[in-house]
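All values below come from the heavy atoms of this structure, side chains included, with hydrogens, waters and symmetry mates left out. Indexing begins at 1, ligand by ligand and atom by atom, following the structure's order.
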Amino acid sequence: MTKNIKSSSPTKSLSQRTIAVRGGLNSDVQHGAVIPKISLSTCYRFAEFGKPRQFDYGRKSTPNRDSVEQTIAELEGGVDAILTNSGMSAIHLLSVALLSPDDLIIAPHDCYGGSYRLFNSLSQKGYFKAQFIDQSDEIALQQALSLKPKLILIETPSNPLLRVVDIQKISDLAHQSGTLVLVDNTFMTPILQSPFQLGADIIIHSCTKFLNGHSDLLAGVLVFRDQNIADHVLWWSNNIGTANSSFDTYLLQRGLRTLSIRVLTQQESALKIVDFLVNHPKIAAVHHPSLSTTSGHDIAEKQQKGFGSLLSFELKASADQIPCFVEQLKIFTLAQSLGGTESLISHPTTMTHSGISPQARKEAGISDQLLRISVGLEDIDDLITDLKQALAAI
Ligand SMILES: *Cc1c(COP(=O)(O)O)cnc(C)c1O
């Protein structure tokens, strides 16, 4: 079961910015509509008896999904992509498609909380085995790889401390053990990091974040550089039914058009906020890959095309002053997503990492004074003024 519009792409040599802007344009043969239509039909008329057309049933593929998959595959330099109804469903799909009960997956000890919970719960049910390690610890990595895992998940930079690990180095070691390398590229997007050029076999994104960029839909995507693996996972995606709706897919294509300009502008603002926070007397620490004090900064300099727009910082304050600071903010909204046009702030202890014991949080370097920011597209002076007045209030 292969999809057929992916093969001869006219945009192969174009820049990512152009690919994202032009994805799916001018595909309407009947009316010449510039913007692709939303195809709501779940079924497609056979061309003649026994002869399906390119599309037959919407769980398998639709014009909207095909178009976004092609755009994202091109942005990552892959051969194919599969869009799903959330980032978690993409990770779930891949684990079900690739792993059997005796197979092992290695994931970072500080991976996205949802991935941690998924691997943990499915391995407890016996679907596969999972092991969580600190991938910057070469001995732990070598030990884990000596078990010949089927899959290793790399997530860099990490959440919420923005630690960076070396994709090329881990991929090389993993391949020596016959292990497939999956990179979660959600935080960087294809604009700032190219995992396939660093040895990855498969890329996953939560499109809910930067790829859509407007915090109004859930979607995930798997991108492949091997067509055989893609076809195998595509069979499973149809088997399980992980597809998302045409309307959400249409919105995602719309969001993608501004991906490059959003990511670059948000990152520029993040650097200015980092600069402001680093020099502020009420800030104890700032975490951002641009800083030499952040673990993996040297790797980030060679591996990333930019440092991104997520950062975290610790307030020099008692834990009970945190609510006061956050409530004083007028622009930054207390919410736990990222990558949208709006600036968000989150408090890992009470939000994303509340399920982890205080002791485990402490060991992971997540203090009660830690706050994470996703920098949006608001005016940078307004953002800094907002932080300044809230810091003055504590
Ligand atoms: C949000 C996120 C996911 C999960 O994606 P959903 O779309 O929320 O299911 C996976 N990985 C990372 C790094 C994320 O930030």
Side-chain angles (χ1 to χ4, degrees), residues 65 68 72 76 81-96 105 107-122 130 132 135 151-165 167 181-193 195 200 202-223 237 240 242-245 248-249 251-252 255-256 259 263 266 287 289 296 304 308-312 335-340 342 344-346 348 351-355 364 366 372-376:
R65 230 181 289 134
V68 170
I72 297 176
E76 287 288 19
I82 301 173
L83 202 59
T84 62
N85 53 41
S86 72
M88 285 322 302
S89 102
I91 299 174
H92 186 193
L93 166 63
L94 193 77
S95 21
V96 170
I105 177 168
H109 68 318
D110 54 356
C111 66
Y112 177 71
S115 307
Y116 187 89
R117 184 176 55 201
L118 181 81
F119 297 144
N120 230 351
S121 53
L122 289 182
F132 302 91
Q135 297 178 353
L151 197 63
I152 183 167
L153 169 70
I154 302 174
E155 203 180 300
T156 178
S158 74
N159 182 32
L161 296 173
L162 289 308
R163 293 171 175 148
V164 173
V165 295
I167 298 175
V181 176
L182 167 67
V183 171
D184 187 330
N185 207 22
T186 301
F187 276 23
M188 285 283 96
T189 82
I191 306 299
L192 299 182
Q193 183 164 274
I202 305 163
I203 297 171
I204 182 263
H205 283 276
S206 167
C207 307
T208 313
K209 316 293 169 53
F210 288 99
L211 295 194
N212 177 52
H214 293 73
S215 307
D216 53 7
L217 64 84
L218 286 161
V221 74
L222 294 166
V223 194
S237 109
I240 301 174
T242 54
N244 62 337
S245 78
D248 282 358
T249 310
L251 283 179
L252 175 55
L256 277 168
L259 175 68
V263 165
Q266 285 169 253
H287 309 282
Q304 300 174 191
S309 54
L310 292 162
L311 60 108
S312 58
Q336 63 189 24
S337 194
L338 58 103
E342 70 292 343
L344 300 178
I345 189 161
S346 68
M351 296 164 71
T352 46
H353 292 66
S354 60
I366 301 166
R372 188 195 71 191
I373 279 181
S374 171
V375 181

Sidechain-backbone polar pair: Asp110 side chain, Ala364 backbone, donor-acceptor under 3.5 Å: no

Heavy-atom donor-acceptor pair, Gln266 side chain to Gly340 backbone, under 3.5 Å: yes

Non-neighbouring partners of Thr186 that pass side chain to side chain donor-acceptor pair (under 3.5 Å), sequence neighbours left out: Asp184

Ligand 1 contact by Ala219, heavy-atom criterion under 4.0 angstrom: yes

Nearest neighbour in protein (non-hydrogen) for atom 15 (O) of ligand 1: Lys209 NZ, 2.7 Å

Closest protein heavy atom to atom 7 (O) of ligand 1, given as residue, atom name and distance to 0.1 Å: Thr208 OG1, 2.6 Å

Nearest protein heavy atom with distance in Å, relative to atom 10 (C) of ligand 1: Tyr112 CD2, 3.5 Å

Sidechain-backbone polar pair: Asn85 side chain, Thr242 backbone, donor-acceptor under 3.5 Å: yes

By ring-ring contact (aromatic ring centres under 6.0 Å, His included) - contacts of Tyr116 (at least two apart): Phe132

Note, Cys207 side chain near Leu83 side chain (heavy atom, < 4.5 Å): yes

Atoms of ligand 1 close to Phe187 [distance to a heavy atom under 4.0 angstrom, numbered from 1]: 13 (C), 15 (O)

Subset of ligand 1 atoms that lie under 4.0 Å from at least one heavy atom of Met88: 4 (C), 5 (O), 6 (P), 9 (O)

Check: Ser206 N/O within less than 3.5 Å of ligand 1 N/O: yes

Ligand 1 to Glu155 polar contact by distance, N or O atoms, under 3.5 Å: no

Per-atom contacts, ligand 1 versus Gly87 - under 4.0 Å to a heavy atom: 5 (O), 6 (P), 7 (O), 9 (O)

Distance filter under 4.0 Å to Asp184 heavy atoms, resulting ligand 1 atoms: 10 (C), 11 (N), 12 (C), 13 (C)

Sidechain-backbone polar pair: Ser374 side chain, Gly339 backbone, donor-acceptor under 3.5 Å: yes

